[in-house]
Amino acid sequence: MTMNIPRVAYLPHVDALRALAVLAVLAYHLDGRLLPGGFAGVDIFFVISGFVVSRAAGERSKTPLRKFLVDFFARRARRIVPALVLCLLVTALMSSLWIPPSWLSDNIPRTGRYAFFGLGNVVLARSDNQYFSPLGEFNPFTHTWSLGVEEQVYLVFPFAFAMWLRGGTWRTVALALFFVSASASFLLAVDLIGAAGSQGYYLVTTRFWELMAGVLLYLGWSSVFYESMAAKRGFRRIRIVLAAGGLAGLGWSLLFSDPGRTPGYATLVPVAAAALFIAAFDPKDVNDRRWDNGWRLQLTSVGQMSYSLYLWHWPVIVLLKWTVGLSKPWQSAVALALSFILARLSWRLVERPLRSSPIVANLTAKQTVVVALLVLCLGSATARAIETHQAKFSFSSVAKSPELWYPSKGQKLSDDKGCQVSPLSADLDVGRRTTYRRSGCQGRATAPDIFAIGDSHALAYGPAFASYALETGAVMTVYNNGGCPFLSLQPWREDNEGCRESSSVSLTDLLARARPGDVVFLPSLRLPRFVDQWVVYPGEQVWALAGTPGTSEASGNTMRQARDVLEKVRATGASVVLQAPGPILKAPPFRCADWWTASNNICGGGTRIDRSDFLALRAPMLRALESLAKEDDGVSIFDPAEALCPAAQTCEGFIDDKPLFFDGDHISAHGNRVLLPSFIAFMRQMGKG
């Protein structure tokens with residue numbers, strides 16, 4: 001038995017509202033200054049979805065329960081799956097071709113895989129990948145969070161709505177369920193404002209009420225009371241007031257919505273405005289020919305393909321951010337044109353044909369659901385395969401040569417005599433301790449054991465640490481300090497409770513293990529950045545921050561705390577090596593390694609810094625470190641710049657076309673190899689001392 005699903009009457013004003021919502025989101029994503037509250041377009045979509053899905057389900061009031069449920073899921077699958085799978089697969093492929101793996105892109109593949117099953121929002125929430133953060137901004141799958149919310153609502157909605165369709169007491173129970181669950185969701189959203197980070201934004205629990213607003217709107221819109229009111233002569237004026245109020249609320253929302261108050265009180269305005277606008281039109285006044293001309297026809301046309309436009313616009317924007325950039329007018333024009341072209345193709349060649357395709361139409365509802373699940377599983381598996389084999393076909397020189405770029409590679413070493421080193425990790429109360437110890441080797445250690453504590457710059461020494469253990473036979477212990485610096489002498493970086501706790505746990509463990517003759521190495525970022533993986537900082541800000549060591553009360557307190565820590569470490573009999581500030585570049589090499597990135601704003605400063613500027617920039621910090629070293633003969637300074645920036649006019653991010661740095665300040669895997677000889681020589685000298 002084939003699916004025989006009658007189409008409900010067309011509501012042009014709903015498509016017009018869809019168009020307004022998707023265009024608002026598109027404008028906001030292109031440039032938040034164009035429409036500061038444009039993100040509220042998603043809230044409008046939620047109301048529309050709740051209303052439209054309820055209306056479609058309400059047309060099947062005489063369908064048996066089991067058939068109603070299966071038909072509901074089949075209709076949703078036909079509506080959502082084809083365009084979604086195509087977009088996710090193309091985005092996964094394009095991401096692998098153009099986006100190199102990095103901290104900034106780390107969560108992209110996983111978000112994409114889970115988005116096939118409507119769980120992209122869960123991945124984003126669990127990873128604290130906030131919508132308004134760089135991790136969200138540079139993830140081409142971030143926009144799937146809203147689809148995930150809708151799909152999760154669809155799992156429970158038809159069961160409650162089936163109660164409504166049964167009538168009688170069941171209708172009262174269903175209405176109570178809708179109202180109570182919506183109220184609880186709204187109260188939770190309000191409670192989590194500013195406290196739950198990404199969870200309050202992404203999860204269905206705080207967004208459920210927005211779709212329920214659409215459901216409750218339909219229940220009222222289709223009620224006998226509304227129909228009787230709509231039949232009265234004076235109701236036309238009320239409808240005009242409702243439409244005007246809705247449009248005013250929508251305008252206010254799109255111009256002034258506050259992302260910091262979303263999804264809470266501030267979200268009430270776009271939700272209520274969307275509901276007012278929909279309610280302003282007579283439920284019997286469908287297929288209104290007044291919409292069939294001029295700009296209203298254009299709005300409804302955009303509304304009809306709003307799903308495809310929403311799917312495609314965000315990957316286009318993000319891929320441009322990763323490649324040529326999105327800071328110039330021509331780049332925004334390209335993003336806009338590509339978004340509409342891809343959306344139009346998706347709507348014309350995928351959405352519409354598959355809804356009316358004889359092959360699909362001849363499938364039963366059960367078969368449609370099964371086929372949809374199989375397609376989703378196959379799509380997710382294909383995306384996983386694309387991710388796994390990225391290095392084989394990627395256009396990115398970073399992805400094609402991971403052995404040169406990633407310090408996380410090459411930390412398991414062996415030589416031709418069977419001697420090998422593998423890192424062994426152990427969890428601490430906060431953070432982790434990793435030990436490099438060689439095995440299968442002969443001979444005594446020829447250098448001191450080392451303990452290293454620092455931020456991600458300590459972890460970036462991974463290949464050098466492994467090679468040090470392999471070549472010298474010494475034991476190398478590294479503390480992952482939770483991403484926090486250790487004795488960076490920069491109060492603004494260390495003055496937070498999480499970093500203080502992490503540093504305390506690492507230091508306590510180190511003090512219990514260090515012995516006379518050992519070396520405690522303290523590498524951290526000790527200069528402000530010109531550039532991060534996603535943003536360029538103002539040069540004047542960098543120079544102002546670089547001049548603060550030793551010049552403020554906070555800096556003085558930091559120096560006293562550093563002396564206390566050094567005194568504790570020296571009491572173990574171990575020596576201390578402070579890392580001098582290494583070069584900081586004005587563009588991240590991994591973002592700027594290929595020709596197509598030349599126009600990207602983040603690459604404008606070039607992957608280099610004038611040597612004279614670098615020396616002047618680090619002079620205040622170097623003086624502070626030298627003052628600590630002069631107070632104790634057991635404290636010395638290791639300067640990576642001697643190897644990474646030899647005497648020349650500029651400190652370069654590349655040498656012989658090989659990267660010395662991964663981003664603006666972390667050394668690359670190749671940089672580790674360049675630095676290794678001087679690192680081993682310095683530590684051996686410390687052992688002799």
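Because the structure is predicted, anything quoted here is derived from the model rather than measured.
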- Message: Looking only at side-chain N and O atoms, does S397 offer a donor or acceptor that is under 3.5 Å from a partner on D594?
- Response: yes
- Query: Taking everything shown except K412 itself, do over 12 heavy atoms lie less than 6.0 Å from its NZ?
  - Reply: no
- Lys/Arg cation over aromatic Y154: R76, 6.0 Å, 45° cone: yes
Can you give me every donor-acceptor pair (side chain of residues 317-327, partner residue at least two apart or in another chain, under 3.5 Å) with its distance?
residue	atom	partner	partner atom	Å
K321	NZ	E137	OE2	3.2
W322	NE1	F138	O	2.9
T323	OG1	L319	O	2.7

- Query: Would F530 and Y537 count as a ring pair (Phe, Tyr, Trp, His ring centres under 6.0 Å) if you check the C-alpha gap in whole Å, the side-chain angles of each, and the deciding distance to 0.1 Å?
  - Reply: CA-CA 5 Å; F530 281 108; Y537 298 111; 9.5 Å; no
- Query: Can you find a heavy atom in the side chain of T91 that is under 4.5 Å from one in the side chain of S95?
  - Reply: yes
- Return yes if some donor-acceptor pair links the side-chain N/O of S257 with the main-chain N/O of G37 below 3.5 Å, else return no. no
- Message: Under a 3.5 Å distance rule, please check whether W312 uses its side chain to pair with a backbone N or O of L338 as donor and acceptor.
- Response: no
- Message: So does S96 get a backbone contact from the side chain of S394, meaning a donor-acceptor N/O pair under 3.5 Å?
- Response: yes
- Considering only heavy atoms from C-beta outward, does the side chain of F186 approach that of Y265 to under 4.5 Å? yes
- Item | From CG (L97) to CD (Q390), nearest 0.5 Å | 8.5 Å
- Examine distances only and state if a side-chain atom of S339 and a backbone atom of A335 form a donor-acceptor pair shorter than 3.5 Å. yes
- Note on the structure: So the ring-ring contact (aromatic ring centres under 6.0 Å, His included) pairs with at least one residue in residues 93-126 (sequence neighbours excluded) are W98-F395, W98-W596, W103-W534
- Task: Mind checking the CG-CD spacing from L309 to Q304? Nearest 0.5 Å is all I need.
- Result: 13.0 Å
- What are the two closest non-hydrogen atoms of Y310 and S146, and how far apart are they? OH-OG, 2.8 Å
- Query: Side-chain donor-acceptor pair under 3.5 Å between S506 and S503, yes or no?
  - Reply: no
- L119 and Q152, any side-chain heavy atoms less than 4.5 Å apart: yes
- Message: With a 4.5 Å cut-off on side-chain heavy atoms, are F46 and V271 touching?
- Response: no
- Query: Do side-chain atoms of S185 reach the backbone of T205 as a donor and acceptor pair under 3.5 angstrom?
  - Reply: yes
- Would V153 and M212 count as a side-chain contact (heavy atoms from CB on, under 4.5 Å) if you check the C-alpha gap in whole Å, the side-chain angles of each, and the deciding distance to 0.1 Å? CA-CA 9 Å; V153 170; M212 290 302 101; 4.0 Å; yes
- Report the distance from atom CD1 of I602 to atom CG of D532, rounding to the nearest 0.5 Å. 8.0 Å
- Query: Could you give the distance from CG (L155) to CD (E150), rounded to the nearest 0.5 Å?
  - Reply: 12.0 Å
- Query: Does S54 reach the main-chain N or O of G50 with its side chain, forming a donor-acceptor pair under 3.5 Å?
  - Reply: yes
- Query: If we ignore angles and hydrogens, is there a donor and acceptor under 3.5 Å between the side chains of S308 and E351?
  - Reply: yes
- Message: side-chain contact (heavy atoms from CB on, under 4.5 Å), that's the test. Do V22 and L26 meet it? Break it down for me.
- Response: CA-CA 6 Å; V22 75; L26 177 55; 5.6 Å; no
- Message: Which residues pass the ring pair (Phe, Tyr, Trp, His ring centres under 6.0 Å) test with F157, not counting sequence neighbours?
- Response: F72, F161
- For F393, does the CZ atom sit with more than 12 other heavy atoms under 6.0 Å from it, leaving out its own atoms? yes
- Pair D663 + R529: basic N to acidic O under 4.0 Å: no
- Message: Minimum heavy-atom separation for S524 and S488, please, with both atom names.
- Response: CB-CB, 4.5 Å
- Close side-chain approach of R384 and T388, heavy atoms under 4.5 Å: yes
- Note on the structure: Minimal heavy-atom distance between L311 and H143, with the atoms involved, is O-NE2, 2.8 Å
- Task: Any chance you could lay out the ring pair (Phe, Tyr, Trp, His ring centres under 6.0 Å) test for Y201 and W145, step after step, and finish with the verdict?
- Result: CA-CA 9 Å; Y201 194 92; W145 76 268; 5.1 Å; yes
- Ignoring hydrogens and angles, tell me if any N or O in the side chain of T142 forms a donor-acceptor pair with the backbone of G136 under 3.5 Å. yes
- Residue pair F590 / V398: nearest heavy atoms and the distance that separates them: O-CG2, 3.6 Å
- Query: To the nearest 0.5 Å, what is the distance between CG (L250) and OG (S253)?
  - Reply: 6.0 Å
- Task: Before giving the answer on side-chain contact (heavy atoms from CB on, under 4.5 Å), spell out for V47 and L211 the whole-Å C-alpha distance, their side-chain angles and the decisive distance to 0.1 Å.
- Result: CA-CA 5 Å; V47 178; L211 282 100; over 6 Å; no
- D665 versus V531: any side-chain heavy-atom pair under 4.5 Å? no
- Message: Any heavy-atom pair between the side chains of P158 and F73 that's under 4.5 Å?
- Response: yes
- Message: Please evaluate residues R433 and D427 with respect to the criterion salt bridge (Lys or Arg N to Asp or Glu O under 4.0 Å), reporting the C-alpha separation (whole Å), side-chain torsions for both, the decisive distance (0.1 Å), and the verdict.
- Response: CA-CA 6 Å; R433 181 184 66 241; D427 290 330; over 6 Å; no
- Query: Should we say atom CG of D429 is surrounded by more than 12 heavy atoms from elsewhere, each under 6.0 Å from it?
  - Reply: no
- Task: Answer yes if the side chains of T434 and Y479 hold a donor-acceptor pair under 3.5 Å, and no otherwise.
- Result: no
- Any chance you could lay out the side-chain contact (heavy atoms from CB on, under 4.5 Å) test for V334 and V316, step after step, and finish with the verdict? CA-CA 9 Å; V334 169; V316 167; over 6 Å; no
- Item | Separation of I341 CD1 from S346 OG (nearest 0.5 Å) | 13.5 Å
- Taking the side chain as C-beta and beyond, is there a heavy-atom pair between P589 and W405 under 4.5 Å? yes
- Query: Backbone N or O of L104 within a donor-acceptor pair of the Q533 side chain at under 3.5 Å?
  - Reply: yes
- In terms of heavy-atom contacts, L17 and I278 come closest through CD2-CG1, 3.7 Å
- Indicate yes or no for a side-chain donor-acceptor contact from N672 to the backbone of S668 under 3.5 Å, with no hydrogens or angles considered. yes
- Message: Please check this pair: side chain of Y307 against backbone of I80, looking for a donor-acceptor N/O pair closer than 3.5 Å.
- Response: yes
- What is the ring orientation for Y28 with F39, classed by angle as parallel under 30°, tilted 30 to 60°, or perpendicular over 60°? perpendicular
- Task: Taking all non-hydrogen atoms of both residues into account, name the closest pair between S396 and P100 and its distance.
- Result: OG-CB, 3.6 Å
